[in-house]
Amino acid sequence: MAGDEIQTPSNFIKHIIEEDLKNNKNDGRVHTRFPPEPNGYLHIGHAKSICLNFGLAAEYNGLCNLRFDDTNPIKEEQEYVDAIIEDVKWLGFDWGERLYYSSDYFSQLYSYAVRLIEDGSAYVCDLSADEIREYRGTLREPGRESPYRNRPVDENLDLFERMKNGEFPDGSRTLRAKIDMASGNINMRDPVIYRIQRAAHHRTGDEWRIYPMYDYAHCVSDSIEGITHSLCTLEFEDHRPLYDWFLERLRIFHPQQIEFARLNISRAVMSKRKMLKLVEEGHVNGWDDPRMLTLSGLRRRGYTPASIRNFCERIGVAKASSTVDMALLEYCVREDLNKRAPRVMAVLRPLRVVITNYPETQTDELEAINNPEDPDAGTRKVPFSKIIYIERDDFMEDPPKKFFRLAPGREVRLRYAYFITCRDVVRDESGAINELHCTYDPETRGGDAPDGRKVKATLHWVSEAHALAAEVRLYDHLFNTEDPDNSGDGADFRTCLNPDSMTVLDGCLVEPSLSGAGPGSGFQFERLGYFSVDPDSSDERPVFNRTVTLRDTWAKIRKNKK
RNA sequence: UGGGGCGUCGCCAAGCGGUAAGGCACUGGGUUCUGGUCCCAGCAUCCGGGGGUUCGAAUCCUCCCGCCCCAGCCA
């Protein structure tokens, strides 16, 4: 269970449920389901649906099933089933014993199909796929009836059974619903409900040679499970008449299908097809690449389940197609990580600093707060010595007006340590800054001056003798346009790929307390952002992924200047 | 004159006839050993447009405009 007992915002689906509850529809039951097809990985769009379905059930004292919609064996695999289960669990939801598969209902589905044939509502059609398409008509023109439409019931029954027995080749015949070839709704023009496919199914093996289509299998599965509110995305709105048609003909329990808008996020693509392309063409390193908005990618990036749940809560649920600003997703991780991530010091682009008046062999152990937002997190000791490293960005030889970090002659504070003053800039032969010579004030140990003098900046740092070398991977948006799906002039979404979406930094230095941090653990590198230990990490070579930067007012000032 | 939906602040989104919630973003200011967090303030006289009903409309009626989805034996 998601665990947040916050009052969730109102939306049109809740209105419907509350109305149903008031009228004692379904005996006051609320039962939803999350029905993924095991043909790919879950992404944040699925998270919206997961949070909605499980969230609604929890809020109204109902139940939510996890059901795999596995009616197409040629696309589906056990590997995906396993990954999806892991992702839904990770997100924080529990379906109890109610893990189901549409394939659990294949026999029932078959019997119901026989019933449809018996009462004249379905027929076996010998048209080929191309012919069916031709007969279907167009958006403007009605279709034509199949020559097999009025086959006698007995013949349909016989043929359907033989389809099941594998007597006919793939694609040679279909079972079709007899509805209305002139309907303005193309889904009602005698849709196919069973097709012949001799493919092995990941769960039923070669038991079946015919497989039901989504429209037929889904409503019946919902009905069998006693689902009261069947939530799906907008593109299925046109399918609702068909959903209702099957259940009415079959005279079985009739759940209500309700459609809501799918999630889109700026600077990202959300379709499985496009994500697959990114993976296959090597624009990213697999489905769990930290730049992907798959749940596995977000997890590797360092996003927490709570942050994703909060995000799904904040975006709301409605019927208007919309695109949520990526900034909201980022806000949600920061919000969560701010509360729970231990603070630590790490220098990404090191600049060597020699404290000239600090004793050669001395080491200080300074006390640092683990998390100012969480007093229970305690403190730790951080070693300090004569040679340290600071961030290159924290020093400017010729600083502009608003820059108040280190500069020649200027005094700043080293976090939890001492005030230092920059005395000399040391260069190499090429003139590049090599290191800084600074002096420290022993009186300022811990970070405060007894005389009460102030400094304008506090810098993070790391001691040369004690630091751990690490690799840090910085990520940015995968796309550099707001809407890569519609990049204008019919340009492909791949033309909008951000070439700088990943920057690998070598030679980063992190404080020694990070030694042994396990994959998945998250930290705030003070003043930089939140970082998560990558699975590629080892004791010899820690690897961190930047989840998200801290809000950076200084960067904003600089940007506004330009 | 195919069918189905949707249009409230830059981005989401409440609102359901009684006179525009909230969040993100943005802008100012305060606190601060993270230019982080936190705090305070600002940010739609207006709800795609026109008519109409009403004492009163974003909410009802009507016409128009714009956007999205549908012609898989995919889901």
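All of these numbers come straight from a predicted model, not from anything done at the bench. So that the names make sense, note that chain A is the first sequence line, chain B the second, and so on, each numbered from 1.
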N-O pairing of [X] and [Y] below 4.0 Å:
X	Y	result
K14(A)	E59(A)	yes
R33(A)	E225(A)	no
D126(A)	R151(A)	yes
E391(A)	R405(A)	no
K277(A)	E280(A)	no
D325(A)	R267(A)	no
D485(A)	K274(A)	yes
E131(A)	R144(A)	no

Notebook entry, point to check: Taking OP1 and OP2 of U27(B), is either one under 4.0 Å from a side-chain nitrogen or oxygen of N560(A)?
Noted result: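 It does, given that an N or O in the side chain of N560(A) lies less than 4.0 Å from OP1 or OP2 of U27(B).
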Note to self: OP1 or OP2 of C24(B) versus the side-chain N and O atoms of Y331(A): is any pair under 4.0 Å?
What the structure shows: yes
Next item on the list: Test the R413(A)-F419(A) pair against the cation-pi criterion, namely NZ or CZ under 6.0 angstrom from the six-membered ring centroid and within 45° of the ring axis.
Entry: no
Notebook entry, point to check: Could K319(A) and F260(A) be counted as a cation-pi pair, given that NZ or CZ must be under 6.0 Å from the ring centre and within 45° of the axis?
Noted result: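 Negative - K319(A) is either too far from the ring of F260(A) or too far off its axis.
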Within the 4.0 Å heavy-atom criterion, would you say [X] contacts the bases, only the backbone, or no part of the nucleic acid?
X	result
A129(A)	base
M213(A)	sugar-phosphate
L127(A)	base
V455(A)	nothing
E526(A)	base
R413(A)	base
H218(A)	nothing
F236(A)	base

Notebook entry, point to check: Please, which pairs that meet salt bridge (Lys or Arg N to Asp or Glu O under 4.0 Å) have at least one residue in residues 159-171 of chain A, sequence neighbours excluded?
Noted result: D158(A)-R162(A), R162(A)-E167(A), D170(A)-R198(A)
Could you label the plane-to-plane angle of the [X] and [Y] rings as parallel, tilted or perpendicular, counting under 30° as parallel and over 60° as perpendicular?
X	Y	answer
F525(A)	F544(A)	perpendicular
H46(A)	H43(A)	tilted
Y110(A)	F160(A)	parallel

Could you give the [atom1]-to-[atom2] distance, from [X] to [N], as a whole number of Å?
X	N	atom1	atom2	answer
E313(A)	C12(B)	CD	C1'	13 Å
H239(A)	C69(B)	NE2	P	13 Å
N187(A)	C74(B)	CG	P	14 Å
D70(A)	A75(B)	CG	C1'	12 Å
R133(A)	G72(B)	CZ	P	5 Å
E131(A)	G72(B)	CD	P	15 Å
H201(A)	C74(B)	NE2	C1'	14 Å
L414(A)	U34(B)	CG	P	14 Å

Item checked: Given RNA chain B, 5'-ward residue of the pair K454(A) and Q197(A), judged by closest heavy atom -> K454(A)
Margin query: If you assign E37(A) and I315(A) each to the RNA chain B nucleotide with the nearest heavy atom, which residue ends up on the more 5' nucleotide?
Written below: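 Nearer the 5' end of the strand: I315(A).
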Roughly how many Å apart are [M] and [N], using the [atom1] atom of each and rounding to a whole number?
N	M	atom1	value
G23(B)	C38(B)	P	12 Å
C43(B)	G10(B)	C1'	11 Å
C39(B)	A25(B)	P	14 Å
C24(B)	A14(B)	C1'	15 Å

Next item on the list: Indicate for each nucleotide in nucleotides 1-11 of chain B, in 5' to 3' sequence, whether protein heavy atoms under 4.0 Å reach the base (B), only the sugar-phosphate (S), or nothing (-).
Entry: -BBSSS----S
Between N or O atoms, less than 3.5 Å apart, protein on one side and nucleotides 35-37 of chain B on the other: list the pairs.
residue, atom, partner, partner atom, Å
G35(B), OP1, R527(A), NH1, 2.9
G35(B), O2', T553(A), OG1, 3.1
G35(B), N7, R405(A), NH1, 2.1
G35(B), O6, F404(A), N, 3.3
G35(B), N1, K402(A), O, 2.9
G35(B), N2, K402(A), O, 3.1
G36(B), OP1, T553(A), OG1, 2.4
G36(B), N2, E373(A), OE2, 2.8
U37(B), OP1, R551(A), NH1, 3.4
U37(B), O2', N338(A), ND2, 3.0
U37(B), O2', E373(A), OE1, 3.2
U37(B), O2', E373(A), OE2, 3.3

Return all side-chain donor-acceptor pairs below 3.5 angstrom for residues 132-139 of chain A, not counting sequence neighbours, or 'none' if the list is empty.
residue, atom, partner, partner atom, Å
R133(A), NH1, D130(A), OD1, 3.1
T138(A), OG1, R140(A), N, 3.2
T138(A), OG1, E141(A), N, 3.0

Margin query: Please check this pair: side chain of D190(A) against backbone of I179(A), looking for a donor-acceptor N/O pair closer than 3.5 Å.
Written below: yes
Extract from the structure each pairing of a protein N or O with an N or O of nucleotides 15-22 of chain B at less than 3.5 Å, listing the distance.
residue, atom, partner, partner atom, Å
G15(B), OP1, S10(A), OG, 2.8
G15(B), OP1, H15(A), NE2, 2.8
C16(B), N4, H15(A), NE2, 2.7

Check: Among residues 257-269 of chain A, which contact RNA chain B at a heavy-atom distance under 4.0 Å?
Finding: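 Residues of residues 257-269 of chain A under 4.0 Å from RNA chain B: none.
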Next item on the list: Check the chi torsion on G5(B) and let me know: syn if it falls within 90° of 0, anti if not.
Entry: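 Here the answer is anti: the torsion falls beyond 90° from 0.
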